[in-house]
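Down below is the structure, laid out as structure tokens.
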Amino acid sequence: MMDKYKRMWRKILKEAIEKESNAPLSPDEIILEIPPRPEFGDLAFPMFSYAKILKKSPKEIAVTLFKRIKRSEVEGKSMGRLQVTGPYLNVYLDRTAVTADLLTSIEESKEDYGNNNNLSGIRIMVEFSCPNTNKPLHLGHLRNDAIGMSLSRILKACSAEVLRVNLINDRGIHICKSMLAYRKFGQNTSPEQAGLKGDHLVGDYYIRFNDWAKDEPGAEAEARKMLKSWEEADPEVRELWEKMNKWAVHGINETYRKTGVEFDRVYFESKTYLLGRDVVLKGLEKKIFYGEEDGSVWVDLSSFDLDKKVLLRSDGTSLYLTQDIGTAVQRYKDWPFDRMIYVVANEQRYHFKVLFKVLDLLGYNWAFNLHHLAYGMVNLPEGKMKSREGTVVDADDLLADLEDLASKEIREKGRESEIDNPGDTCKKIAFGALNYYLLQASPYRDIIFNPQESISFSGNTGPYLQYTGARISSMLRKFEQRKMEFKHGSLHPELLTASDEWEIVKQASSFPGIVTAAAEELNPSLISGHLYEMSKNYSRYYHDYPVLHNKDSNLVVSRIALAKAVRRVLQHGLRLIGVPFLEKM
RNA sequence: GCGUCCGUAGCUCAGCUGGAUAGAGCGGCGGACUUCGAAUCCGUAGGUCGCAGGUUCGAGUCCUGCCGGACGCGCCA
């Protein structure tokens with residue numbers, strides 16, 4: 001859409017400069033920008049960088065190129081017009097042509113508007129969430145899930161074949177800790193008896209362990225002993241482990257359902273942790289790794305600006321890294337991918353550098369296609385979330401609070417009778433607000449979550465976008481009811497050229513390019529930001545310009561077409577960032 | 001100590017490959033509901049882009065140093 005015009009103008013500029021200088025120019029030497037203010041037009045070409053080639057001042061170049069392009073008469077033909085503004089060449093696009101383009105394009109592509117084929121035939125595996133089975137999900141997981149889900153949708157929108165995978169960390173010392181505390185203090189209570197979700201019950205005993213361990217020096221040793229029993233497949237320990245894991249996984253799945261998180265394949269660490277061993281031992285045979293006298297196996301990465309790392313303990317057991325090596329190899333076998341994206345917090349940067357390098361040394365050529373999307377931490381105003389200090393923001397609690405807030409809001413506004421299913425709507429507003437909040441910042445940055453202030457339903461929020469969509473939907477329903485009144489009207493793009501409308505048209509037209517950029521940069525926040533800008537413009541426009549209250553049927557029909565276009569972009573864009581579209585709210 | 005990342009308005013965040021007067025939301029102050037949904041809209045105050053140099057016609061953006069913060073450097077995950 002917008003890209004089409006950008007491409008064409010780039011070409012025009014390139015040819016003009018080449019003719020002027022008699023030398024070929026590479027396409028990326030043509031700098032194209034979006035002007036900072038509307039009076040400078042829709043596209044801008046700064047002339048500074050051509051000063052050396054053409055041996056003229058930027059201002060002179062602008063004039064020269066302007067005359068040359070003018071003579072070649074590429075203008076007209078719906079291309080828009082050119083203007084010299086000091087050292088810039090500014091393009092003013094033909095509003096009618098772009099608007100007509102947009103409306104027909106949306107009409108033709110329907111739900112697919114914004115999709116592209118850039119990643120067609122590319123298989124991408126996306127790993128995210130990766131919970132432990134010793135505690136419930138918290139806000140950090142929610143950010144991880146939001147990014148993982150959104151990214152998967154964005155990549156699919158670019159026609160990639162995407163496989164969403166989860167890895168459940170269901171073994172290890174931390175799991176044994178909650179098991180141990182439960183065995184000591186739990187009195188065989190089931191989640192039903194305790195009136196708790198399974199993951200919360202297990203999590204409570206993890207906290208219980210830490211409390212107990214404070215004045216019990218032998219606690220850690222006892223946990224280690226239990227881990228050993230687990231590895232030796234002690235029936236009693238295994239039975240307890242299976243029971244508690246089931247509770248935890250069940251509870252976690254419930255949270256996933258509530259937040260709309262889904263996976264195509266789920267791996268369990270308890271089933272993959274042994275796989276890495278064989279791979280490492282083969283590497284040892286090939287002398288890629290080396291053994292110490294105590295029997296431990298190491299890799300020396302000091303020539304790659306990394307350290308020496310242990311791959312197998314002296315007792316032959318696996319580590320986190322070993323497990324990840326095995327899981328990666330297994331996954332490639334299961335589903336040969338062209339790219340693999342690990343959505344994991346940035347505190348694990350080093351781990352992934354090492355992992356990718358080790359896989360590379362082992363000769364897996366797909367190691368180059370592994371990517372760690374290192375997203376930032378979610379912190380609280382007083383600092384890091386700490387489970388031991390009880391400062392973690394629990395996912396279920398947060399969601400429940402948000403639903404209450406939404407429900408209160410609906411009652412205060414007296415909207416209950418208007419909405420078909422208030423309970424469901426509250427849920428959708430709640431996780432719309434949550435997902436938008438989590439995806440409005442760039443993934444790689446740390447964010448600060450203030451429980452009192454962060455989640456709001458006004459301003460730059462998910463519900464604001466939902467509200468914009470609901471109002472447009474409401475108006476479109478009214479239009480349908482009164483359709484006969486406007487039956488003589490027809491679409492006239494030239495009626496939609498007011499500056500407010502033009503901004504909206506440009507933003508809707510840029511949407512496909514934004515989807516492309518979000519996929520390339522693995523950054524869903526580009527979409528949330530763009531939808532917000534477009535909604536803001538539309539809200540103002542909607543306030544100032546009557547749509548249905550017009551005598552001129554042509555104008556009504558045309559403005560309705562624009563409303564439909566905005567709605568379509570909102571529907572699609574919101575889906576990509578996990579914010580439910582609402583007809584009513 | 002070494003490594004990685006980050007410092008933009010009171011707070012939370014934008015700022016595309018360096019480009020024209022650094023933008024939003026929240027909060028503050030002041031306005032707008034007999035008209036398409038006021039979860040909205042409009043106006044206003046608020047910035048030496050951590051500090052100091054450098055590169056450049058041009059730096060919030062690139063380089064160096066310093067100050068401040070986060071994370072990592074386990075035979076933990």
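Every chain is numbered from 1 and lettered A, B, ... according to where its sequence line falls, protein lines coming before strand lines.
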What interatomic distance, in whole Å, is found between [atom1] of [M] and the corresponding atom of [N]?
{"N": "B/rU40", "M": "B/rU35", "atom1": "C1'", "answer": "15 Å"}
{"N": "B/rA20", "M": "B/rG60", "atom1": "C1'", "answer": "16 Å"}
{"N": "B/rG54", "M": "B/rG18", "atom1": "C1'", "answer": "15 Å"}
{"N": "B/rA22", "M": "B/rG58", "atom1": "C1'", "answer": "15 Å"}
{"N": "B/rC49", "M": "B/rC2", "atom1": "C1'", "answer": "30 Å"}
{"N": "B/rA45", "M": "B/rG10", "atom1": "C1'", "answer": "12 Å"}
{"N": "B/rU56", "M": "B/rG50", "atom1": "C1'", "answer": "23 Å"}

Checklist entry - Is the base of B/rC6 syn or anti, where syn means the angle lies within 90° of 0? => result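 Anti, which is what one calls it when the glycosidic angle falls more than 90° from 0.
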
Item to check | A/Glu418 (side chain) donor-acceptor with A/Arg415 (main chain) under 3.5 angstrom | outcome: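 No; zero donor-acceptor contacts below 3.5 Å.
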
Contacts of [X] that satisfy side-chain contact (heavy atoms from CB on, under 4.5 Å) - sequence neighbours left out:
{"X": "A/Gln571", "answer": "A/Arg567, A/Arg568, A/Phe581, A/Glu583"}
{"X": "A/His530", "answer": "A/Gln507, A/Ser510, A/Phe511, A/Ile514"}
{"X": "A/Asn144", "answer": "A/Phe128, A/Val343, A/Tyr375"}
{"X": "A/Asn523", "answer": "A/Ser442, A/Pro443, A/Glu521, A/Ser525, A/Leu526"}

Checklist entry - Taking only N and O in the side chain of A/Arg349, is any of them less than 4.0 Å away from OP1 or OP2 of B/rG3? => result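 For B/rG3, OP1/OP2 do not have a side-chain N/O of A/Arg349 under 4.0 Å.
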
Checklist entry - Which is true for A/Arg171 with a 4.0 Å heavy-atom rule: it touches a base, it touches only sugar-phosphate, or it touches nothing? => result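 Touches sugar-phosphate only.
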
Checklist entry - Looking for any heavy atom pair under 4.0 Å, which part of the strands does A/Asn90 touch: base, sugar-phosphate only, or nothing? => result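 Base contact - A/Asn90 has a heavy atom under 4.0 Å of at least one base atom.
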
Item to check | Within the 6.0 Å centroid threshold, strictly below: A/Tyr467 and A/Phe457 | outcome: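 Between A/Phe457 and A/Tyr467, which both carry aromatic rings, the centre distance is not below 6.0 Å.
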
Next on the checklist: Would you say the rings of A/Tyr532 and A/Tyr436 are close, in the sense that their centroids are separated by under 6.0 Å?
Outcome noted: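 Not under 6.0 Å, so no.
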
Next on the checklist: Test side chain to side chain donor-acceptor pair (under 3.5 Å) on A/Ser473 and A/Arg477; report intermediate values, then the result.
Outcome noted: CA-CA 6 Å; A/Ser473 301; A/Arg477 282 193 298 272; 5.1 Å; no

Item to check | Minimum-distance pair of heavy atoms, taken over all atoms of A/Asn166 and A/Cys130 | outcome: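 Nearest pair, atom of A/Asn166 first, then A/Cys130: OD1-N, 2.9 Å.
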
Checklist outcome for this item: Per-nucleotide protein contact along nucleotides 31-45 of chain B, 5' to 3', at a 4.0 Å heavy-atom cut-off (B base, S sugar-phosphate only, - neither), is ----SBBSBSSS---

Item to check | Per-nucleotide protein contact string for nucleotides 9-18 of chain B, where B marks a base within reach and S marks sugar-phosphate only (heavy atoms under 4.0 Å, - for neither) | outcome: ---SSS-BB-

Checklist entry - What residues in residues 38-47 of chain A put a non-hydrogen atom under 4.0 Å from any atom of RNA chain B? => result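 A/Phe40, A/Ala44 - these, ordered by number, are the residues of the stretch whose heavy atoms sit under 4.0 Å from the strand.
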
Item to check | Under the 3.5 Å Watson-Crick or G-U criterion, the dot-bracket string of RNA chain B, with | for inter-strand pairs | outcome: (((((((..((((.....[...)))).(((((.......))))).....(((((..]....))))))))))))....

Item to check | Residue pair A/Glu231, A/Lys228: steps toward the salt bridge (Lys or Arg N to Asp or Glu O under 4.0 Å) verdict | outcome: CA-CA 5 Å; A/Glu231 296 213 352; A/Lys228 196 151 186 293; over 6 Å; no

Checklist entry - For A/Glu39, which residues count as a salt bridge (Lys or Arg N to Asp or Glu O under 4.0 Å) partner, sequence neighbours excluded? => result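 Salt bridge (Lys or Arg N to Asp or Glu O under 4.0 Å) list for A/Glu39, sorted by chain: A/Arg37.
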
Are any protein N/O atoms closer than 3.5 Å to N/O atoms in nucleotides 56-58 of chain B? If there are, list each pair with its distance.
none

Checklist entry - Are A/Asp404 and A/Lys408 close enough, and set up right, to give a salt bridge (Lys or Arg N to Asp or Glu O under 4.0 Å), and what steps lead you there? => result CA-CA 6 Å; A/Asp404 287 347; A/Lys408 211 177 106 197; over 6 Å; no

Next on the checklist: A/Phe209: which residues meet the ring pair (Phe, Tyr, Trp, His ring centres under 6.0 Å) condition with it, sequence neighbours left out?
Outcome noted: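 Here the qualifying residues are A/Trp212.
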
Checklist entry - With sequence neighbours excluded, what pairs up with A/Phe289 under the ring pair (Phe, Tyr, Trp, His ring centres under 6.0 Å) test? => result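 Residues passing ring pair (Phe, Tyr, Trp, His ring centres under 6.0 Å) with A/Phe289: none at all.
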
Item to check | Within 45° cone and under 6.0 Å: A/Arg471 NZ/CZ vs A/Tyr542 ring | outcome: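 So A/Arg471 doesn't make the cation-pi contact.
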
